[in-house]
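Step one of this worksheet: look at the structure below.
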Amino acid sequence: MSRYYTAIVTGNVPVNKNHYLLSLRTPPETVKPLPGQFFMLEAGKGHDPLLKRAFSLFRITADGFQVLYRIRGKGTAAIKGLKPGDQLDVLGPLGNHYPAPQTGRIPVVIAGGIGIASVFSLIEKLAKKAYVFYGARTKDELLMLNELGTLSRELHISTDDGSAGSRGTIVKALEDFFAGNAELSAKGVLYSCGPMPMLRGVAGVASEKSLKAYVSLEEHMACGIGACLGCAVGVKEGRPGAGKKGMKTVYKKVCKDGPVFASEDIVW
Amino acid sequence: MSRYYTAIVTGNVPVNKNHYLLSLRTPPETVKPLPGQFFMLEAGKGHDPLLKRAFSLFRITADGFQVLYRIRGKGTAAIKGLKPGDQLDVLGPLGNHYPAPQTGRIPVVIAGGIGIASVFSLIEKLAKKAYVFYGARTKDELLMLNELGTLSRELHISTDDGSAGSRGTIVKALEDFFAGNAELSAKGVLYSCGPMPMLRGVAGVASEKSLKAYVSLEEHMACGIGACLGCAVGVKEGRPGAGKKGMKTVYKKVCKDGPVFASEDIVW
Amino acid sequence: MDLSVNIGTLKLKNPVMTASGTFGYGEEYSEFVDLNRLGAVVVKGISLKPMQGNPPPRICETSCGMLNAIGLQNVGLAYFLKHKLPFMRRYDTKLVVNVLGNSIGEYAKISEALDDAGVDAIELNVSCPNVKKGGILFGTDVKMLARLITKVRAGVKQAVLITKLSPNVSDIKKFAKTAEDCGSDAISLINSIPGMAIDIQTKRPKLKNVIGGLSGPAIKPIAVRMVYEAGKAVKIPIIGMGGIMNAEDALEFLIAGATAVAVGTANFIKPAVTIEIIDGLKDYVEKQGIEKISSITGSINAG
Amino acid sequence: MDLSVNIGTLKLKNPVMTASGTFGYGEEYSEFVDLNRLGAVVVKGISLKPMQGNPPPRICETSCGMLNAIGLQNVGLAYFLKHKLPFMRRYDTKLVVNVLGNSIGEYAKISEALDDAGVDAIELNVSCPNVKKGGILFGTDVKMLARLITKVRAGVKQAVLITKLSPNVSDIKKFAKTAEDCGSDAISLINSIPGMAIDIQTKRPKLKNVIGGLSGPAIKPIAVRMVYEAGKAVKIPIIGMGGIMNAEDALEFLIAGATAVAVGTANFIKPAVTIEIIDGLKDYVEKQGIEKISSITGSINAG
Ligand SMILES: Cc1cc2nc3c(=O)[nH]c(=O)nc-3n(C[C@H](O)[C@H](O)[C@H](O)COP(=O)(O)OP(=O)(O)OC[C@H]3O[C@@H](n4cnc5c(N)ncnc54)[C@H](O)[C@@H]3O)c2cc1C
Ligand SMILES: Cc1cc2nc3c(=O)[nH]c(=O)nc-3n(C[C@H](O)[C@H](O)[C@H](O)COP(=O)(O)OP(=O)(O)OC[C@H]3O[C@@H](n4cnc5c(N)ncnc54)[C@H](O)[C@@H]3O)c2cc1C
Ligand SMILES: Cc1cc2nc3c(=O)[nH]c(=O)nc-3n(C[C@H](O)[C@H](O)[C@H](O)COP(=O)(O)O)c2cc1C
Ligand SMILES: Cc1cc2nc3c(=O)[nH]c(=O)nc-3n(C[C@H](O)[C@H](O)[C@H](O)COP(=O)(O)O)c2cc1C
Ligand code: FES
Ligand code: FES
């Protein structure tokens, strides 16, 4: 069961102006990815861009998997140029995954922007059981709304400019919804991926309600497998029973110890 | 009249396994190239490959010009990827050109390998007046034979392996032909582009018969316009009248003083 | 056809090693690379006490290169001996441990402990560009370097002693010679070159540590030049590195004067690149009809 | 919005200069660039007598960079003054002449002649990586450097004196400080970094001179770091260069501590790149609401 192989591009299509959906056919005998895991994909055949780029599992397909990506710089620009039939070096699936909700817990998924790519397969797996909160800057940047509508228990949308769903941040929408929903406030478990300010907001909501929240983090990566120590994130660690006083910050690897962390452990 | 502009790719097709013909549409008001001149073409949009690549004028077209090129390394590989409609940064035409034969002189054009690209438009211009000698390693590497047949006074072919034309080097073919042709030996003027050993051979023939020979040289280039001094070639320079004794070697720029040099001036 | 090379008394089955800090403790790559096939594995720099490393961001990409300021995060000597060393012992390859200290005494202490534990070779990292103390100080001062090597040499009995030189010097020959004179069995070079990058929107350095080490293909011409220069100054073997991405790059180093090569940044891009390089070297010597790959070392024709 | 900057007593209309050796004598680019728009033109290094330069091949491409070993081919002082200087005089831009000597006396002689001829600034090239004598010796020895600058300074009356530092040193701050202390009005850095490349088929170096200078985007992180370090050591203005390909790169140098920038290798790739950079800088200061571009110098937020 390999985690390092050459995949074949079967599709690479625009989802909107700045986002693409890449479909890969993987060889037999490759490790099946879990929601929250990611891949390091080759970005061009030359030395510039140099490093592989990290992308979350978006969705498992019959013959492989898909990645939903936003054009950002030269790496994603190179990947955008891939055509069906092209070969692509793939390393993965990597990292840990979103843990399943404990019995009795109600899953709430919060995504911001391209963070939707990371939680999509989780929502799919939770088969209409998850409350989904999904925010973007503007209507045009909301992706896969039809699919999300079908897969969610409830889909809540927000945009910064109010062009779709409620106006404001998705954390605001989440807070408002929690305020009117005692059951969720008591039994929710949060899963989130998106920009740092949003994750911080989600962590705040979770901590206020004493709920567990799992956040998926991003950090610049070189190896993706725990070897380079490049993807450090500060995590609180304490001797058991020593309480808050005994806590100190240690560096964990987003690629191996994460990308999914319990929000209470993060040094925000 | 500009020599630095963005051209539009109108075609980029394989001529055989390893050679491509690139057609460019140039903006109005660009300088018209002459046989023997060359262009520096952008090789990829990133920083690796970094420098522009040098290519001879192959042929002038109604809306621009064509370049005939051989895939060699990463630069030509990048250029191979161009599709009709793509934009390409062009600097040129650059350098000097093949001088027209003086009255009464009979033009003899000798090309080896991809060197045919440089002399093709000269042959075309000489409109069936030139004896053309064209050599390659093997039959498959001979390009544009039909066109050359039409455009030449006589077309002589040789291949190293004898798979087309006479077996052996084109210099050998040239020597043989000269041996049986007193008129050419007396009135020929030679034009040549190809690998160094071939050019050296051509220079030898010219010097033996006391004929003028013009050779087009290649050297690694950065700027193409005489600024970097990277494309040096050793040339003999003497004080007028000082004779052989007064000669010394100076460095000339292939991009600006050449690419066409009188073979007698070169330090072979 | 013989791919083996000797680094002092150490015989490597082929000239391909991993570069310290780019291959974890060997374990991390064992899923992707048959470690038994490697000439040697060089593990991440070890200090006396565990080190936390620098705050993030620690890496960023540059044109044909990357900057890193890991800050030598490592598990420390004791943990390494107990938990990391046993893993590598299971493989039929040579184990080189990269060592970093804050003082000559620390370097000596770590080296002796590793020697006692039976590691095959010790690589003194006197050239880490991104820790404030130690390291690079020794690497850019010949007198300090001489004292350091002499002291460590005295305590190391079995293990082969390699000094990893800093590229951040005007005259690499002087440092190479010093290493040789003071009893290093081999030298390795180059370490990453101090560099930095700035985000022009935030005006913040792209690395929290401001300065980091530049590695990757961008630095290869500098590395090849330094190996060439060092090779003219010393007789001890040289382990060349800096930007090696494939067998052709590795050959450039061997021809320039290296006896072995180490592959760093390339592991991140192609986890199995070391194996590709070994296969590529084999191919080259076969095609060229070379009997012993060691005969390529320094075979440059610079006339 | 004010793009002008001061290099000593010299006021440039904007911070964008050309790097010596990459822009010929100005003439070569006049067809592609409106020279009047440039902050300054720095011409190819001038020596007392004409120089032949090195035998070919003189250049080769590397990953995101290039090596050159031109060997300072130039027309010599007398010819320059008579035939090249008058051309540049026709333009409304500042003219900087890069100077190379084999001895302190030669540097002084050339500088005085240029000063008399009224050039705006003299850039002492103490860092050429590919001529055997002179140059780099001064660039890697603080004492020699001090003597050189002191002597030249004494003879130069009008022209602004710039010292172009060698990147081939352990501690750039020392050399920057020396230049300042000895009376340099400004420093410029970095020159290309010694490097080499080998053709593995022929085993020959790709440059006939074996070693050449590495330039281009590959070296930018090293250059930005050195400008940052030098900027912390001196108060005189810094002209930053090394791998600048666009306005973003130029801004990185300004934010790191440069007052002006010089564009080298990029001219070869895009003959009009200097103009693009000037337009890009204008854009940036407009968008950021910056009144004087000089306020960006050293504005890095490294906290
Ligand atoms: C675990 C993980 C999962 C991710 N999943 C997705 C996804 O599903 N879809 C998607 O569009 N993006 C995802 N990203 C972000 C994606 O990796 C970056 O957008 C991408 O690397 C940008 O590369 P670039 O060359 O286009 O941009 P540039 O800005 O030119 O990249 C320069 C360098 O910075 C790194 N970098 C830039 N932004 C990021 C970032 N946000 N995170 C990590 N490294 C970065 C690049 O890898 C590269 O090395 C994920 C990142 C991580 C760490
Ligand atoms: C005046 C002139 C006219 C030319 N005309 C043609 C032509 O019409 N058709 C054609 O196919 N080729 C022509 N060439 C050769 C062409 O420039 C090279 O094949 C091309 O630069 C190779 O680039 P690469 O990146 O694919 O190869 P690489 O080998 O990867 O190139 C590496 C570096 O070496 C340089 N280089 C490699 N080979 C040559 C060479 N022979 N001459 C100059 N620089 C070289 C490249 O420009 C690049 O900077 C010409 C060269 C010159 C100087
Ligand atoms: C992420 C990273 C961590 C490194 N850590 C160490 C280290 O701990 N000790 C050391 O001597 N060199 C270290 N290096 C330097 C490499 O061993 C090597 O010398 C350098 O990266 C040049 O080789 P490369 O271009 O192939 O990567 C590190 C390099 C990188 C990229
Ligand atoms: C072909 C070439 C010739 C050069 N000649 C000189 C020179 O004569 N004097 C000098 O001080 N620097 C010379 N340089 C160095 C450049 O001025 C500049 O410092 C260096 O190339 C780094 O900038 P870049 O990366 O933008 O090219 C030369 C560089 C190149 C590429
Ligand atoms: S990316 Fe290398 S350790 Fe995480
Ligand atoms: S290529 Fe620059 S001078 Fe000829």
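Below, chains carry the letters A, B, ... as their sequence lines are ordered, and counting in each starts from 1.
- Among E61(D), E28(D), M245(D), the residue making the largest number of heavy-atom pairs under 4.5 Å with chain B is E61(D).
- Only the side chain of T265(D) comes within contact range of chain B, with heavy atoms under 4.5 Å apart.
- Formation of a donor-acceptor pair under 3.5 Å by the Q73(D) side chain with backbone atoms of A232(B) is not found in this model.
- Considering every non-hydrogen atom in both N54(D) and Y251(B), the closest pair reads O-CE1, 3.7 Å.
- Counting heavy atoms of neighbouring residues, nucleotides and ligands inside a 6.0 Å radius, atom NZ of K203(D) exceeds 12 of them.
- For M221(B), the part lying near chain D is the backbone, with the side chain staying farther off; criterion is any non-hydrogen pair under 4.5 Å.
- Within 6.0 Å of CZ in R59(B) there are more than 12 heavy atoms belonging to other residues, nucleotides or ligands.
- Sparse packing is recorded around NZ of K49(D), with 12 or fewer heavy atoms of other residues, nucleotides or ligands lying under 6.0 Å away.
- In this structure, R137(B) places its CZ atom where only 12 or fewer heavy-atom neighbours from other residues, nucleotides or ligands lie under 6.0 Å away.
- The distance from the CG atom of N68(D) to the NE2 atom of H220(B) is 14.5 Å, given to the nearest 0.5 Å.
- Counted within 6.0 Å of NZ on K82(D), heavy atoms from surrounding residues, nucleotides or ligands total 12 or fewer; the atom is thus considered open.
- Annotation: maximal heavy-atom pairing with chain B below 4.5 Å, among A266(D), G24(D), C60(D), C64(D), occurs at C64(D).
- Atoms CD1 and SG, from I59(D) and C228(B) in turn, are 5.0 Å apart once rounded to the nearest 0.5 Å.
- Only the side chain of L91(B) comes within less than 4.5 Å of a heavy atom in chain D; its backbone stays farther off.
- Contact detail for L50(B) and I269(D): the closest heavy-atom pair is O-CG1, 3.3 Å.
- Contacts between E31(D) and chain B at a heavy-atom distance below 4.5 Å involve the side chain alone, from C-beta outward.
- If you measure heavy-atom distances from F32(D) to chain B, the contacts under 4.5 Å come from the side chain alone.
- Using a 4.5 Å heavy-atom threshold, the side chains of N267(D) and C223(B) count as separate.
- Heavy atoms of P57(D) lying under 4.5 Å from chain B belong to its backbone as well as its side chain.
- M66(D) and L51(B) get closest at one heavy-atom pair: SD-CD2, 4.0 Å.
- Judged by distance alone, with hydrogens and angles left aside, the side-chain atoms of R58(D) form no donor-acceptor pair with the main-chain N or O of C231(B) at under 3.5 Å.
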Next on the checklist: For a side chain to side chain contact (heavy atoms under 4.5 Å, CB included) check, start with the C-alpha distance between K44(D) and L229(B), then their side-chain angles and the critical distance, and finish with the verdict.
Outcome noted: CA-CA 10 Å; K44(D) 176 77 189 159; L229(B) 308 180; 4.1 Å; yes

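- For chain B, the nearby parts of K270(D) are the backbone and the side chain; heavy atoms of each come within less than 4.5 Å.
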